[in-house]
Amino acid sequence: MSRRQYPFHLIEPRWQRHWAAEQTFRAWNPGDSIPESHPFGLRHGLAGRAAAASDLPPKFYILDMFPYPSGAGLHVGHPEGYTATDILARYRRAQGFNVLHPMGWDSFGLPAEQYAVKTGQHPRITTETNIANFTRQIQSLGFSYDWSREVATTDPEYFRWTQWIFLKIYNSWFNPATNKAEPIDTLTYPADCQTDAQRRAYRDSKRLAYVSEAPVNWCPELGTVLANEEVIDGKSEVGGFPVIRKPMRQWMLRITAYAEKLLADLNTIEWSDSLKEMQRNWIGRSEGAEVDFQVDSHAEKIRVFTTRPDTLFGATYMVLSPEHRLVSTLTTPAQTAAVKQYQEFAATKSDLERTELAKDKTGVWTGAYALNPVTGGRIPIWIADYVLATYGTGAIMAVPAHDERDFEFAQKFQLPVVQVVQPPDTKTEWQGFCDEGTAVNSSNAEISLDGVPTAEAKRRITAWLESKGLGQKTVNFKLRDWLFSRQRYWGEPFPIVWRKDAEGTLCHEALPETALPLLPPTLEDYKPTADGQPPLARAQDWLNLPDGSVRETNTMPQWAGSCWYYLRYLDAQNSQGFVGREVESYWMKSGGKTPGVDLYVGGTEHAVLHLLYARFWHKILFDLGQVSTAEPFFKLVNQGLILGEDGQKMSKSRGNVVNPDDVLAEYGADAFRLYEMFMGPLQDTKPWNTQGVEGVYRFLGRVWRLFVDEKAETDYEQASTVAGGTDSAAEAARLLDLIRLSPLIRDEAPTPAQLKLLHECIRKVGHDLEHLQFNTAISAMMVFINGAMTWENRPSAVLRPFLQLLAPFAPHLAEELWQRLHQHLGTPVPSLTYAPWPAFDPALLVETDMELPVQVNGKLRDVIRMPVGASAAEIEAAALKAEKAQAFIVGKTVKKVIVVPRKMVNVVVA
RNA sequence: GCCGCGGUGGUGAAAUGGCAGACACAGGGGACUUAAAAUCCCCAGGCCGCAAGGCCGUGCGGGUUCGAGUCCCGCCCGCGGCACCA
């Protein structure tokens, strides 16, 4: 361990205690009574009174993605985003905003449960231990969170409202007429719903939370089902275990009802292009048409979805997915055995195998034919697993000439290929041509598309199909409804019971709101039951209610709690509702320009998980009038991954994991914060480099030495060596007392050069903070310090604003020096957090002279000094005489001279 | 395959179309020191040259422009996402 650059180990705990005692970062809600002495109140003239929303300054809501408190503790990736938001939070406070900057715990999750299965220790114990450790680690970094708003998703006082929101969703339906969610009692019933049971069945089929019996993603290793978003390449997102399809009765949330809004509203928010694109791809909107094909010699019709209705004349066969409901009806006796065998073959394939075998097309003919509605031709009906049961109608018309997959299939099974699109470039082979061109061979007695470009041909044929009642324009989405139940113990229990109705049908019923929170039962054993029921089914007393009803034994997925935590922060102590109206409106709506959370920073791993789910819940709550914005997160930034020193992803097995605690012990929180911001742009992936930490640490040391008297520093060094390792607060205070500021620091007028250096720094830091360019802001401060170190006097009027610039980045050091500076000058110490951000004065940057590069034919040849006010003609004349440029000008014809004011001169010669 | 993002010294990186490489790391040299650490000062894109200076240089090839790392066209490579979605 190298010698300490400055006593951060004494300074940092000291200021962390101070902030906690003063409640410095407490954010005030409308109606809150602000204490007499609180620096926010003093700054804004609100001390000692209750501030109405209209009295409070503009709000700024800066949010971090709250962590899952894992047993492994904090990773260096966590503080990257947290530091960025903290810097901005502190900057906005200095600018005068009412800043909300909270932290909490996404604490439901698998590891605590798996630990419980192994050891029998209740997941709550594990979770609390981990939260305590995370809290310690996060607090040691000096982040300016308002801890009074801390939430944990596992807290019954939190999840009672998660359950409450679920009930709101359960008791709503999506009204296509109003295009929004409405309470279920606005539902009107069709005429054939006469009995209570019929009405109930209809109602249950419309709810935004509904029960479905369908093939789901089952992960045997994890012992639970998973949402589509949690399955990657046929494996579980957590753990990478195989996932199979298995029919099960599960709770679903009707996110597909919001597909259009989730897509369209991406245009109203400031997220990165890549993230928006990921959500767009996941939602997967495609426009096309549904077309009905009459089955030959049969009453049935087969409906298909196609994005290329213009190729209808080229449909030479059809394919149903093996699970399609008509397969058994259509199959001829001769083909029955083969079809059955293929269905079984397809059913046993896992998702993983399905993807791996994607190359090789398989399928079986059903023996049946359909009629092409435009050509009238008899076309064979096949089943094949390249057609997915879950997309479109689960059936396609195959146009082998102009679809790659159909072409492959047709080749393999020798099915006819008919050209109906002519490529724009006549040299292009038409077979397998899938782009847009011109329709050919596409006419019958009633309609002709021949010679019509693809886009127009789509319109014409769709209109024709509609007029004939054979089909219609349709939009399809890849997005599937959200599988919302898990076979877990450590999650929110559903506030649902099951009861048999008069006819003996098992029906679900919501618990009343007064029954919330519904706590999970205490268990001895957290494993699923022997017959495969979720762990909650073990608790017989909890499960069976006196009135004969039985509780739902599934729990909600981990994503439930994170769907709305940013709303709970607004009003974390509210026991009457999930968030108060006025409070919600103040933080989410007021302020005009940026509705919702003003800045949200987190990793990219939640692109189609948390970030999609939370938008969905928010939109339901918006429709139901519970929140005042359509989108929760206005601006979102993804921090880049921090790699190990070897440039590889950090992992235990590689042994390249950097532990924040170690960095903190050696360099302190301020250096750690500064380094994570100095590494490179926030959004970039970048490798860790411990020597880079040394670099910013040295910079902080130079800041310290700019302020501190050398002699006092030596005295302190000796005393602290004698004192050894005692870390008591009293001892720390005694040692710090030995520190005196440099006598060079005086209350005297700064020189123009000193002011210029300062204001260049103010300008650059302010600009860079607005653009989240922390790395260049830090280098600007380094430039200032490198210059200031050479000064023979150190005017306080320059050092004071510098400390304000430094404060968001290295708050502990800045606070210490700020306090000392004021004491040194014998003035009262104002709050650094709420001191108004230094104003930038452009007038101080104006120079009398400037350096002007002289180019000849675009190449730099000389640099001339000119007065700032020089005219273009004067500059031109001087440039033509520039000594070093002469060699390139003399003897040539000057064709043109370009003078860019204050930038450069370019002499064009020939 | 499709979509998105990127490619600049030994390394992390800077550069509203206007002096490429700020700031830092690693490196080299020096001061201080009995010595080391720490600190302070200097050098540092490549090639040629004793030097002055010159030539080359932002993945590759073209183009626009007085001027391109930056804009346009066509490639190559890397990273991330999606992937039989009809």
Side-chain angles (χ1 to χ4, degrees), chain A residues 2-5 232-233 272-282 284-286 288 304-308 311 319 354-355 357-361 384-388 390-399 402-406 408-409 434 476-480 604-605 607-608 638 640-641 647 675 678-681 683-696 698-699 701-702 705 710 717 764 773 775-783 786 789-790 851-863 884 887 895-900 902-909:
Chain A
S2 53
R3 186 177 164 276
R4 258 190 213 108
Q5 289 274 350
I232 294 162
D233 292 337
S272 71
D273 287 344
S274 65
L275 195 60
K276 284 188 183 183
E277 203 55 28
M278 274 190 233
Q279 291 216 344
R280 284 192 193 106
N281 288 342
W282 192 260
R285 182 182 197 274
S286 59
V304 302
F305 173 72
T306 177
T307 55
R308 291 297 298 271
T311 62
V319 187
R354 247 183 116 127
T355 344
L357 297 171
K359 302 269 176 293
D360 195 23
K361 294 275 180 296
D385 67 357
Y386 84 89
V387 173
L388 307 176
T390 50
Y391 184 79
T393 62
I396 62 155
M397 65 176 206
V399 184
H402 308 295
D403 181 280
E404 210 179 314
R405 297 146 303 179
D406 296 345
E408 231 176 87
F409 192 83
C434 307
N476 243 301
F477 295 92
K478 285 190 214 173
L479 185 69
R480 301 270 68 91
T604 184
E605 65 272 18
V608 292
N638 290 123
L641 207 61
Y675 174 63
F678 188 61
M679 290 171 83
Q683 295 88 340
D684 287 10
T685 300
K686 44 214 177 270
W688 182 269
N689 177 2
T690 298
Q691 274 157 341
V693 189
E694 300 259 10
V696 293
R698 281 202 277 264
F699 160 69
R702 285 206 299 282
R705 290 191 295 277
E710 222 174 305
E717 282 292 336
K764 182 73 176 149
Q773 291 161 351
N775 54 333
T776 49
I778 293 165
S779 69
M781 291 189 286
M782 289 173 167
V783 169
N786 289 346
M789 290 301 275
T790 67
E851 286 201 328
L852 218 51
V854 176
Q855 295 181 350
V856 178
N857 285 352
K859 288 194 184 195
L860 179 72
R861 296 302 179 187
D862 204 349
V863 179
K884 289 177 192 161
K895 300 187 73 170
K896 206 195 281 188
V897 180
I898 289 136
V899 178
V900 183
R902 311 195 50 130
K903 289 277 188 203
M904 46 70 67
V905 193
N906 190 10
V907 181
V908 185
V909 299

Please give the distance between the [atom1] atoms of [N] and [M] as a whole number of Å.
{"N": "B:C60", "M": "B:G49", "atom1": "C1'", "answer": "31 Å"}
{"N": "B:G63", "M": "B:G1", "atom1": "P", "answer": "29 Å"}
{"N": "B:C41", "M": "B:U58", "atom1": "P", "answer": "34 Å"}
{"N": "B:U64", "M": "B:A13", "atom1": "P", "answer": "34 Å"}
{"N": "B:G6", "M": "B:G10", "atom1": "P", "answer": "23 Å"}
{"N": "B:C23", "M": "B:C75", "atom1": "C1'", "answer": "35 Å"}
{"N": "B:C43", "M": "B:G21", "atom1": "P", "answer": "14 Å"}
{"N": "B:A26", "M": "B:G81", "atom1": "C1'", "answer": "35 Å"}

Can you identify which nucleotide, out of [options], has its nearest atom closest to the [X] side chain?
{"X": "A:W282", "options": "B:A86, B:G18, B:C82", "answer": "B:C82"}
{"X": "A:I396", "options": "B:C84, B:A86, B:C19", "answer": "B:A86"}
{"X": "A:I898", "options": "B:C84, B:G54, B:C66", "answer": "B:C66"}
{"X": "A:V908", "options": "B:A86, B:C66, B:C40", "answer": "B:C66"}
{"X": "A:N786", "options": "B:G53, B:A24, B:C19", "answer": "B:A24"}
{"X": "A:M789", "options": "B:A13, B:C5, B:C40", "answer": "B:C40"}
{"X": "A:K686", "options": "B:C82, B:G18, B:G12", "answer": "B:G12"}
{"X": "A:K884", "options": "B:G18, B:G53, B:C84", "answer": "B:G53"}
{"X": "A:R705", "options": "B:C25, B:A13, B:U39", "answer": "B:U39"}
{"X": "A:T776", "options": "B:C66, B:A15, B:G53", "answer": "B:A15"}

Have a look at [X] and say if it touches a base, only the backbone sugar-phosphate, or nothing, with a 4.0 Å heavy-atom cut-off.
{"X": "A:N775", "value": "sugar-phosphate"}
{"X": "A:G392", "value": "nothing"}
{"X": "A:M904", "value": "base"}
{"X": "A:F678", "value": "base"}
{"X": "A:Q855", "value": "base"}
{"X": "A:S272", "value": "nothing"}
{"X": "A:S274", "value": "sugar-phosphate"}

Which value, rounded to the nearest 0.5 Å, describes the distance between [X] atom [atom1] and [Y] atom [atom2]?
{"X": "A:R280", "Y": "A:D273", "atom1": "CZ", "atom2": "CG", "answer": "7.5 Å"}
{"X": "A:N775", "Y": "A:K686", "atom1": "CG", "atom2": "NZ", "answer": "8.5 Å"}
{"X": "A:M781", "Y": "A:T776", "atom1": "CE", "atom2": "OG1", "answer": "10.0 Å"}

Taking only side-chain N and O atoms of [X], does any of them lie within less than 4.0 angstrom of OP1 or OP2 on [N]?
{"X": "A:K859", "N": "B:C56", "value": "yes"}
{"X": "A:Q5", "N": "B:U39", "value": "yes"}
{"X": "A:T604", "N": "B:G81", "value": "no"}
{"X": "A:N906", "N": "B:U65", "value": "no"}
{"X": "A:R861", "N": "B:G53", "value": "no"}
{"X": "A:R698", "N": "B:C25", "value": "yes"}
{"X": "A:R702", "N": "B:A24", "value": "yes"}

*Provide the closest heavy-atom pair for A:N638 versus A:S272 in the form atom of the first, atom of the second, distance.*
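Between these two residues, the closest heavy atoms are OD1-OG, 4.0 Å.
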
Sequence neighbours excluded, which residues qualify as salt bridge (Lys or Arg N to Asp or Glu O under 4.0 Å) partners of [X]?
{"X": "A:K478", "result": "none"}
{"X": "A:E404", "result": "none"}
{"X": "A:E851", "result": "A:R865"}
{"X": "A:R285", "result": "A:E260, A:E287"}

Distance, rounded to the nearest Å, where [X] contributes [atom1] and [N] contributes [atom2]:
{"X": "A:I778", "N": "B:G12", "atom1": "CD1", "atom2": "C1'", "result": "13 Å"}
{"X": "A:L852", "N": "B:G18", "atom1": "CG", "atom2": "P", "result": "14 Å"}
{"X": "A:D403", "N": "B:C2", "atom1": "CG", "atom2": "P", "result": "15 Å"}
{"X": "A:K896", "N": "B:G67", "atom1": "NZ", "atom2": "P", "result": "9 Å"}
{"X": "A:E710", "N": "B:C32", "atom1": "CD", "atom2": "C1'", "result": "12 Å"}
{"X": "A:N638", "N": "B:G80", "atom1": "CG", "atom2": "C1'", "result": "11 Å"}
{"X": "A:D862", "N": "B:C19", "atom1": "CG", "atom2": "C1'", "result": "11 Å"}
{"X": "A:N857", "N": "B:C55", "atom1": "CG", "atom2": "P", "result": "12 Å"}

*Toward the 5' end of RNA chain B, which comes first, A:S779 or A:I232, by nearest nucleotide?*
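Closest to the 5' end, via its nearest nucleotide, is A:S779.
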
*asked:* Judged by each residue's nearest nucleotide on RNA chain B, which is more toward the 5′ side, A:Q691 or A:V863?
replied: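 The residue mapped nearer the 5' terminus is A:V863.
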
_On the six-membered ring of A:Y386, is A:K361 placed so that its NZ or CZ lies under 6.0 angstrom from the centre and within 45° of the ring axis?_
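Yes - A:K361 lies over the ring of A:Y386, closer than 6.0 Å to its centre and within 45° of its axis.
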
*asked:* Would you say A:R705 and A:Q5 are linked by a side-chain donor-acceptor pair, where the criterion is simply a distance under 3.5 Å?
replied: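 There is such a pair between these side chains.
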
_Check: A:N689/A:Y675 side-chain N/O donor and acceptor closer than 3.5 Å_ = no

*Taking atom types as they are modelled, is there a donor-acceptor pair under 3.5 Å from the base of B:C82 to the side chain of A:N281?*
no

*Measure distances between side-chain N and O atoms of A:K478 and base N and O atoms of B:C82, and say whether any donor-acceptor pair falls under 3.5 Å.*
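Side chain to base: no pair present.
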
_Stem list for RNA chain B, please, built from Watson-Crick and G-U wobble pairs under 3.5 Å and keeping only runs of at least 3._
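As far as RNA chain B goes, consecutive pairing (with distances under 3.5 Å) yields the stems B:1-7 with B:76-82, B:10-12 with B:23-25, B:27-31 with B:39-43, B:45-48 with B:53-56, B:59-63 with B:71-75.
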
*Set of residues satisfying side-chain contact (heavy atoms from CB on, under 4.5 Å) with respect to A:Q279, sequence neighbours excluded*: A:L266, A:W271, A:L611, A:L612, A:R615

*Can B:G7 be described as syn, meaning its chi torsion is within 90° of 0, or is it anti?*
anti

